[in-house]
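Notes follow once the structure below has been shown.
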Amino acid sequence: MMPGPRRSFGAFAWLAATWLVVMVCGAAAYPLLTSAFHQFSSDEVHPCLANRPPGALAVPRRTARLRSDSPPFEQVARFAASTASVGCHEHRQSSPQPRPGGERGEERGASRRLEVTARDVSRYMRHARCATFDTDGDTVLDRKEFEAVPQAGGRRLRRQRFDARVARGAPGLSFDEALVCEVFPESEASAWLQRYDRDGSRTLSRDEYRGIPELRRYVLGSDALGRDVFVRTLAGARISLFVGLMGTMLSVLIGVLWGATAGFVGGRADDAMMRVVDVLYGLPYMFIVILLTVVFGRSLLILVLAIGSVSWLTMARIVRGRVLETVGESYVEAAVALGAKGRRVLVRHVIPQTREVVLTFAALTMPTVMLQEAFLSFLGLGVQPPLTSWGAMASDASSMTVIVYYPWQILAPGLAFTVTLLALNLLADRFSAQRPK
Amino acid sequence: MNLRFLASRLVQALAVLLVVIAASFVLIHLTPGSPLDAERALPDDVRAMLEQRYLLDRTLIEQFLHYLGAIARFDFGRSIPLDRDVAEIIGAALPTSLLLGAQAMAFALVVGVPLGFVAATRDDGWSGRWLNVVSLTGISIPNFVLAPLLILAISAVQGGPLALDWGDWADTLLPSLCLGLFYLAYVARLARAGMAGVMHQDFIRTARAKGLAERVVRWKHGARLALQPVVSYLGPALAGVLTGSIVIEKIFNIPGLGAHFVNAAFNRDYFLVMGVVITYAGLLVVLNVFVDVAYGLLDPRVRDRQRGDP
């Protein structure tokens, strides 16, 4: 590849190897993410949560889990019956106010209700959090008191906002501000209110109320069908890496057998075999592969077979060259003189000598195979749903609106693919540079 | 020009083309169902007439020979889902794809070769390593990732989405760039390797000993040989540009041959699929002949071999 002094296995190559290991582990273990970390699974479709940016919180309707600290129905009902407005500084009502929406609980007594709304639940949570503060909401908190307010945001975020306010000249945040801004951030409120209703006014009876749903986060955003991009990228890694590996192994198998046989046997058979390789070399193989998918249908097996069966040509040539070099060696002659049969000599002495060239070229073939698979999947002729690969994800995300307005959908699989290919190319480059010429 | 060599290469090219046509033909006919089984249900008499026209009731060999004869007359059949003659579809879309491919290839060669030659002067050390990684990155970005990235970058700079068009020449620049960048990086790597390898050869030392200036030495004498790996890569590069153009045409909504090909593959539009495959294969074999001739022009040693042993 690159002439010049021998390069040691440098920093770049270690980075590349690390990335590949991480990718393989992530691809192999991504179902754990779904179960252990309660994230979305790769083909969970939520059309109403489509095209969310990275980091968006969401509550999927059908598959939400409930928080373990969800308040029981009675407490919420009692609280809702006895309060009329938000905030801790409201005073308890002595008599129930007429409320819009469900009034069916009124005849049971002022403090009991048979129905709640999501908004009641959210108000209750805020109230429960500030139960330790008996303030009227106007007291200014200093930094330590501010940090003691139970909040939903991160620690660093709280401190940053507090510092920002103080820097702007305010003496601190009032408790109300602390509650409103920090305790129940707007995104979280709206996210879990979706679980029940858009504005939280739909009434829920005791049976309908199940608790507070756990929020899930779209780590890298969601795509047009509401699927989690991060988990899908890992699922795509699985297919892409699998097809790459299998296709490479298939092409190595065919190439080594073909080239070694041609080089070893020699003569007219060798000529004929290499002529076949020459003819096949001139064919636009991608179109043949597409034809194969048209004829035989689209499945993972066809994909691996088709790609592997067009990638072995250069490997065959290289192996044949190496075999021709080896066959002249004296130990091969010795083996033949000792009476070893042709096939034994081939397998035991000649083929192991091709190991280095084969490894080097296999490392170069894998990116090519992955690119071919991505190309086919991009056109829709590769893996079919529910399986996904990086090419298929890129294809879904390649319209103009998606690229400009929801770039994470193309950036996640695209960058993962690029870095993986770069890692493979880098390692192949280093490996070939190390080989003594 | 050694005509024997050219003639033999042309005959080889024709043979390869025939193999492609035969392979496609056989593959297409392996599918169950007849090519006339498209979505529309044809009335019986129309069906009988079409079957008679395309000899679908004869043996496979007869069909194949008939098809070959039709190809020779540039009659590629009729696309039934699109209801147009395949030759007309291809004729309308081919110039677009050719322009795209030619621009991409020109960009890759005109920018890549000098870049590689200049980079050959820095082979070791940190700058050499970084250049290596940069060029590796260039060949690691697939074109369906590069195109959205560039579109995103330009849209961010412009402040709004790009208007994708294929009107005047300025619109063709971005797609050609996206298509050609991979090959630019590859060509630059090959040129760099070639130039670095050539620098140590004997005839370069002779030229230096004669007292010629370093730059003359490098560019006049060394470049010729250093271009060899580039020229021998041209064949696969052209094939790659042809296939890569399919993706670029899809992303940029370019009315080229690739778009037709993908739709035909989905709709099982056999005649159009075969027509496009044959067109691309024909293009490729002819261009490969040119590449071989160019390789001979470049290296006198190969030319002698060509003259003596076609």
Side-chain angles (χ1 to χ4, degrees), chain A residues 1-5 7 10-12 278-288 290-297 367 370-372 374-375 378-381 390-391 394-395 397-405 407 409-411 413-415 417-426 428-429, chain B residues 12-13 15-16 19-20 23-24 27-28 30-31 123-124 128-129 132-133 136-137 139-142 144-149 151-152 155-156 160-162 164 189 192-193 196-197 200 235 239-240 242-244 246-247 250-251 253 261-262 265-266 268 270 273-274 276-277 280-281 284-285 288:
Chain A
M1 272 250 120
M2 300 294 306
R7 294 186 167 81
F12 285 130
D278 284 337
V279 167
L280 288 178
Y281 225 103
L283 296 182
Y285 55 81
M286 189 45 71
F287 298 95
I288 305 292
I290 296 183
L291 266 179
L292 284 172
T293 59
V294 169
V295 170
F296 292 114
M370 288 179 71
L371 274 172
Q372 287 173 4
F375 175 80
F378 186 87
L379 298 177
L381 299 167
W390 281 329
S395 162
S398 65
S399 75
M400 186 53 104
T401 39
V402 173
I403 294 175
V404 175
Y405 292 116
Q409 293 180 21
I410 180 67
L411 284 179
L415 288 180
F417 198 21
T418 303
V419 176
T420 305
L421 285 183
L422 181 61
L424 285 171
N425 279 326
L426 205 72
D429 194 44
Chain B
Q12 269 184 29
V16 168
V19 169
V20 171
S24 323
L27 280 176
I28 289 289
L30 278 178
T31 33
D123 212 12
D124 323 323
R129 274 200 201 185
N132 191 23
V133 172
L136 277 178
T137 313
I139 65 175
S140 305
I141 302 187
F144 57 82
V145 172
L146 182 66
L149 278 179
I151 292 177
L152 190 59
S155 304
L162 223 51
L164 290 179
R189 283 180 75 84
R192 178 180 171 181
H200 304 292
L242 283 181
T243 50
I246 300 182
V247 165
K250 180 177 179 214
I251 296 182
N253 274 334
F261 183 60
V262 177
F266 268 111
R268 305 205 140 205
Y270 299 118
V273 165
M274 288 208 50
V276 174
V277 169
Y280 274 142
L284 210 55
V285 295
N288 273 328

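Note that these values count all heavy atoms, side chains included, but never hydrogens, waters or copies made by symmetry. Convention: sequence-line order gives letters A, B, ...; per-chain numbering from 1.
Heavy atoms closer than 4.5 Å to chain B are found in both the backbone and the side chain of A/A374. In this structure, the portions of B/T137 lying under 4.5 Å from any heavy atom of chain A include both its backbone and its side chain. Contact annotation for A/L411: only side-chain heavy atoms (C-beta onward) come within less than 4.5 Å of a heavy atom of chain B. Looking at A/I403, both its backbone and its side chain come within 4.5 Å of chain B, counting heavy atoms on both sides. Residue contact with chain A, scored on non-hydrogen atoms closer than 4.5 Å, involves the backbone and the side chain of B/V247 alike.
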### Task
Assess whether side chain to side chain contact (heavy atoms under 4.5 Å, CB included) is satisfied between B/N253 and A/M400, documenting all intermediate values.
CA-CA 10 Å; B/N253 274 334; A/M400 186 53 104; over 6 Å; no
### Task
Before giving the answer on side chain to side chain contact (heavy atoms under 4.5 Å, CB included), spell out for A/F12 and B/N132 the whole-Å C-alpha distance, their side-chain angles and the decisive distance to 0.1 Å.
CA-CA 11 Å; A/F12 285 130; B/N132 191 23; over 6 Å; no
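Residues A/S395 and A/L379 form no side-chain contact, since every pair of their non-hydrogen atoms from C-beta on lies 4.5 Å or further apart.
When every heavy atom of B/I251 is checked against every heavy atom of B/A147, the shortest pair comes out as CD1-CB, 3.9 Å.
With sequence neighbours excluded, the residues forming a side chain to side chain contact (heavy atoms under 4.5 Å, CB included) with B/I139 are A/N425, B/L136, B/F182, B/A185, B/Y186, B/R189, listed by chain and number. Legend: residues meeting ring-ring contact (aromatic ring centres under 6.0 Å, His included) with A/F378, ordered by chain and number and at least two apart, are B/F144.
The candidate with the highest count of non-hydrogen atom pairs below 4.5 Å against chain A, out of B/V19, B/L242, B/L149, B/V133, is B/V133. Per-residue heavy-atom pair counts under 4.5 Å with chain A were compared for B/G240, B/A239, B/A15, B/P142, and the maximum is reached by B/P142. Taking chain A as the reference chain and counting heavy-atom pairs below 4.5 Å, the highest number among B/V277, B/V273, B/V145, B/V262 is found for B/V145.
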